[in-house]
Asks: 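Got a structure for you, written out below as structure tokens; questions coming shortly.
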Amino acid sequence: MFTNCSLGHCHIIVAVVLWSICVDSRKIRGISLSYKRFYRERKSFLCIDGSKMIPFDQVNDDYCDCMDGSDEPGTAACPTGRFYCTNLGYRSHYIPSSRVNDGICDCCDASDEYRSQTPCQNTCRNLGQRERAEVEGQTRVLGERLRLKQLLIEEGVLTWREKQAQLRDLQRVSDDLQTQLDDLRKEEARRKEEADALREREIGARETADNSPTSHYRPESPISVFKELDSNRDGSITVDEVQAKLSPVQDEEHALSEDEAVIKGRRGVPGSLADEDPNIKAAVSAAEKASADLKRVEDAYETVYMEIRDLREKLSIDYGSEREFLFLHDQCFQLKVYEYIYELCPFSQVTQKSASGEVVSLGKWGSWAGPPENPYCQMRYESGEPCWQGPTRNTMVMLICGTETALRSVKEPSKCQYVMELQTPVSCQPALRQRGVHSEL
Ligand code: MAN
């Protein structure tokens, strides 16, 4: 190409090339790709805010013409201007244009110090590599945490199903015990009635015998006599009680002997009839057995009832949209901070144990307390032990993402108001968008 040209022609070509490089570098410096369309070389340049039209060669001429600083993207001339660091291989960003050629390397590609004495190195490649490695590391860790989260969700689903099945079984046991209770109550009532009827019959027979003209003992009714004699109301009559009731006071001569007291006592004591009559004895022991059977089943029913109640209470708690927090139930986490040992039992309570061993409630499970878009990032525990001359103790638990599930920190930002951090993979969220390292050309 140059072989045929004269020296004069060559000078012109070199001048044109240098001019175009100069114009191009002036035009391009400090502009992002997306803004390039505003700086297409024409005769004139319209300030980006539309406020002014200037000749194009006044762009980046180190004199500020536009109010918005858009005519000087590559110089420090405009106070409101901003310089775009392309930073190929790393992240591009803007810096205030006052930092252009100020002797400090701001852009990692050194583009902001194009006319300064400072020898800036292009460090974008190294920075980019380091950042990519970091991002990869974080992505790997997050991936592992999300895998753990998935396992805990699956564990939660299984536990939930197990608990539901357990509840159904307990309900069946409870229904069965209820039926048994109905039968046993009837059985007990029947047996007692039988025993009472036999006793009444026997007592009636004895009263008839006692009403004979030779008898000087006139009981009103067996029960009232029993009550009369049973002075300490313990349900049994002792020889001393009979002697005390039937012997004239301070009259040694007419005092009842022990044998007389036993005989007289027996006449008014329905229970003791069983000792004499085998039929009554059998009926009483059948009634006692029915009572014991009933008591046994009542106890079993009570136990099952409590288990059902606890299980229902447990299943009524909100464990997250995928029941991902269910695994925290029945676990407790401790952390020692200064002289206190703090314990968080999720969905149950928070306590503070002092060096002296005193345990103070910092609140009972209240509710999820995160913002509407993420309610499961905070838990509120309320109505703990009242604080001396202060409020009731309350605790806010912040759930944060981490590999292990553990209590990470406890603070008391204001008196008797506690804030804890519970770390768990269940609180990890997939990254929406990683900040990518710039690859704009
Ligand atoms: C105890 C602890 C503290 C609390 C004070 C308030 O010492 O529960 O956390 O601040 O009581 O008197």
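All heavy atoms count here, side chains included; hydrogens, waters and symmetry mates do not. Along the sequence shown, residues are numbered consecutively beginning with 1. Here the structure is a predicted model, which is why all the values come from computation and not from measurement. Both ligands and their constituent atoms are indexed starting at 1 by order of listing.
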Asks: Just distance, no hydrogens or angles: give the donor-acceptor pairs under 3.5 Å from side chains in residues 154-163, sequence neighbours left out.
Replies:
residue : atom : partner : partner atom : Å
Thr159  : OG1  : Glu155  : O            : 2.7

Asks: Salt bridge (charged side-chain N to carboxylate O under 4.0 Å, His left out): which pairs involve residues 188-197, sequence neighbours left out?
Replies: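 Sorted result for residues 188-197: Glu187-Arg190, Glu187-Arg191, Glu188-Lys192, Arg190-Glu194, Arg191-Glu194, Asp196-Arg199.
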
Asks: Is Asp330 salt-bridged to Lys314, going by a charged N under 4.0 Å from an acidic O?
Replies: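 Result for this pair is yes, salt bridge flagged.
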
Asks: Collect the protein residues that have a non-hydrogen atom under 4.0 Å from ligand 1 and hand them over in chain and number order.
Replies: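 Close residues (ligand 1, cut-off 4.0 Å): Tyr340, Gln352, Cys387, Arg393, Glu412, Lys415, Cys416, Tyr418.
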
Asks: With sequence neighbours left out, write down each residue that passes side chain to side chain donor-acceptor pair (under 3.5 Å) with Gln352, or none if nothing qualifies.
Replies: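 Tyr342.
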
Asks: Salt bridge or not for Arg172 and Asp176, using N-O below 4.0 Å?
Replies: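 Salt bridge flag = no for Asp176 with Arg172.
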
Asks: Given Tyr94 and Tyr84, is the ring-ring contact (aromatic ring centres under 6.0 Å, His included) satisfied, shown in steps?
Replies: CA-CA 4 Å; Tyr94 282 98; Tyr84 184 76; 5.0 Å; yes

